[in-house]
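Structure, as structure tokens:
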Protein chains: 2
Amino acid sequence: MLFSKTCEYGIRAAVYIASQSDKTEKTGIEEICENIEAPRHFTAKILQILTRNHLLSSQKGVNGGFYMTAEQLKQPMIALVEAIEGKEVLSKCGLGLKACSETEPCPLHNKYASIRNNIKQMLSGMTIKDMAVSLQTGKAFLKID
Amino acid sequence: MLFSKTCEYGIRAAVYIASQSDKTEKTGIEEICENIEAPRHFTAKILQILTRNHLLSSQKGVNGGFYMTAEQLKQPMIALVEAIEGKEVLSKCGLGLKACSETEPCPLHNKYASIRNNIKQMLSGMTIKDMAVSLQTGKAFLKID
DNA sequence: TTAAATAAGGATGTTTTTGTCTTTTATTGT
DNA sequence: ACAATAAAAGACAAAAACATCCTTATTTAA
Ligand code: FES
Ligand code: FES
């Protein structure tokens, strides 16, 4: 519905990495995928994208893995979504018109634009750290057992 | 974002057909696709689905085409969406967990569930006729010229 | 300095979505 | 009846999304 599989895995992975960021050890792709129930190689590709976009940090070699800096933890969810789905995703027309505009709106525009704005607010107002904390405190989960 | 192409075309086509439902003549697939800028054969398939689900009516042969009964015009948008995307689409987890649940929620659940509810309300509270009227009165458009 | 570990990158494969083309079936005006 | 018309249906094709596998580059511990 809202996100592609790519985006779902990307967010889940980033949140998991964030949730491990107190530890000194970096988090390996294997561990990540086990804990978010995502396909190993596919997820690795997504993390490459996020790393290139500086939303994650990584280190190769023994004891390497993924981690996040304090700066990265403060990034809002929307940064992840835009890195994966593209910047425009939150301004497109809900009915697929070439552009979303106030002057030539689709019949859904009035209501949809406000909902789209809610989504934008949700994603801007929540940091990766916020999500990680809800994991750490047992309030939320990244997979169902 | 919200809908698949299939769903977008399906809604646009249905709304266009509805907007022509005052006329006595039925509306042909060619005319529909010109007016909503959608691919001819693909859209025809989508209309088949909607017709099988009794959300549209159709007639073959000379002077045939698509049309909607008064009953069908009163259907809410959500009926179209569910016919095309499936009934479950509006209750799935936003982060792709196997199930969306209050007891094992994903970190997005709190905010997402409320947005998803807004979407549901938007789609339940607006009939196909409502959308068609906004077209007819020039307040909305199904393609950009 | 070497072996092991681990992410990055590239090639390839599968599935789903999106789209076209052709044939069939039903309807209607003549 | 017949020809024309239009939707239904089925086969096929292209593109995108989803996923795997293999090789390469980098790092570190021993
Ligand atoms: S024009 Fe369709 S959502 Fe704005
Ligand atoms: S559990 Fe993810 S949206 Fe409800």
Side-chain angles (χ1 to χ4, degrees), chain A residues 1-14 16-17 20 24-34 36-68 81 83-86 88-89 92 95-96, chain B residues 1-14 16-17 20 24-34 36-68 81 84-86 89 92 95-96:
Chain A
M1 182 89 185
L2 212 46
F3 304 126
S4 64
K5 280 283 167 207
T6 306
C7 202
E8 290 176 354
Y9 295 145
I11 294 174
R12 303 223 302 269
Y16 181 76
I17 294 165
Q20 301 304 106
T24 52
E25 316 95 60
K26 302 176 185 67
T27 313
I29 187 67
E30 203 64 61
E31 176 189 343
I32 294 166
C33 290
E34 273 165 23
I36 70 172
E37 267 185 4
R40 165 81 170 70
H41 298 282
F42 188 45
T43 305
K45 291 256 179 278
I46 300 165
L47 295 192
Q48 277 181 42
I49 294 170
L50 295 180
T51 302
R52 273 191 231 113
N53 281 272
H54 308 105
L55 293 166
L56 292 180
S57 306
S58 70
Q59 183 162 35
K60 293 183 184 176
V62 178
N63 295 324
F66 295 91
Y67 63 99
M68 295 180 76
V81 174
I84 293 171
E85 311 264 31
E88 344 66 39
V89 71
K92 285 193 192 149
L95 281 190
Chain B
M1 181 89 186
L2 212 49
F3 304 125
S4 65
K5 280 285 167 205
T6 305
C7 201
E8 289 176 354
Y9 295 146
I11 293 174
R12 302 223 303 270
Y16 180 77
I17 294 165
Q20 302 302 105
T24 53
E25 315 95 60
K26 302 175 185 67
T27 313
I29 187 68
E30 202 65 58
E31 176 189 343
I32 294 166
C33 290
E34 273 165 24
I36 69 172
E37 265 183 6
R40 165 82 171 67
H41 297 282
F42 188 46
T43 305
K45 291 254 180 277
I46 301 165
L47 295 192
Q48 276 180 43
I49 295 170
L50 295 180
T51 302
R52 271 191 232 114
N53 281 271
H54 307 106
L55 293 167
L56 293 179
S57 306
S58 69
Q59 183 161 38
K60 292 184 185 176
V62 179
N63 295 324
F66 295 91
Y67 62 99
M68 295 181 76
V81 174
I84 292 171
E85 311 264 30
V89 72
K92 287 193 190 147
L95 282 191

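Every chain is numbered from 1, with letters handed out A, B, ... down the list of sequences. The analysis underlying the following values was restricted to heavy atoms, covering all of them including side chains, and did not include hydrogens, waters or symmetry mates. Note that this is a predicted model, so its numbers are computed, not measured.
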Mind checking which nucleotides bracket the chain B contacts on DNA chain C, 5' to 3', with an atom under 4.0 Å from a heavy atom? C:dT18 to C:dG29

Rounded to whole angstroms, how far apart are [atom1] on [X] and [atom2] on [N]?
X: B:Tyr67; N: D:dA7; atom1: OH; atom2: C1'; result: 12 Å
X: A:Glu8; N: D:dC18; atom1: CD; atom2: P; result: 8 Å
X: B:Met68; N: D:dA7; atom1: CE; atom2: P; result: 16 Å
X: A:Ile29; N: D:dC22; atom1: CD1; atom2: P; result: 18 Å
X: B:Lys60; N: D:dA9; atom1: NZ; atom2: P; result: 7 Å
X: A:Ile49; N: D:dA19; atom1: CD1; atom2: C1'; result: 13 Å
X: B:Phe66; N: D:dA6; atom1: CZ; atom2: C1'; result: 9 Å
X: B:Leu56; N: D:dA8; atom1: CG; atom2: P; result: 9 Å

Would you indicate what A:Gly61 reaches in the nucleic acid, counting non-hydrogen atoms under 4.0 angstrom: base, sugar-phosphate, or nothing?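 A:Gly61: base contact, heavy atoms under 4.0 Å.
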
Counting the atoms with a prime plus P, OP1 and OP2 as sugar-phosphate, which does B:Lys45 contact under 4.0 Å by heavy atoms, base, sugar-phosphate, or nothing? base

Check this one for me: any side-chain N or O of [X] less than 4.0 Å away from OP1 or OP2 of [N]?
X: B:Ser58; N: D:dA6; answer: no
X: B:Asn63; N: D:dA6; answer: no
X: A:Gln59; N: D:dT28; answer: yes

If you measure from CD on A:Gln20 to CZ on A:Phe66, what distance do you get to the nearest 0.5 Å?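 Interatomic distance, A:Gln20 CD to A:Phe66 CZ, rounded to 0.5 Å: 14.0 Å.
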
Short side-chain to backbone donor-acceptor contact, B:Arg12 and A:Leu95, under 3.5 Å: yes

Looking at every heavy atom in both [X] and [Y], which two are closest together, and how far apart are they?
X: B:Met68; Y: B:Leu55; answer: CE-O, 3.5 Å
X: B:Ala13; Y: B:Ile32; answer: CB-CG2, 3.9 Å
X: A:Ala83; Y: A:Leu50; answer: CB-CD2, 4.1 Å

With DNA chain D as reference, determine whether A:Thr43 or B:Arg52 sits nearer its 5' end, using the nearest nucleotide of each. B:Arg52

So, B:Tyr16 versus B:Glu31: side-chain donor-acceptor pair below 3.5 Å or not? yes

Would you please test B:Lys26 and B:Gln59 for side chain to side chain contact (heavy atoms under 4.5 Å, CB included) and show each step? CA-CA 8 Å; B:Lys26 302 175 185 67; B:Gln59 183 161 38; 3.0 Å; yes

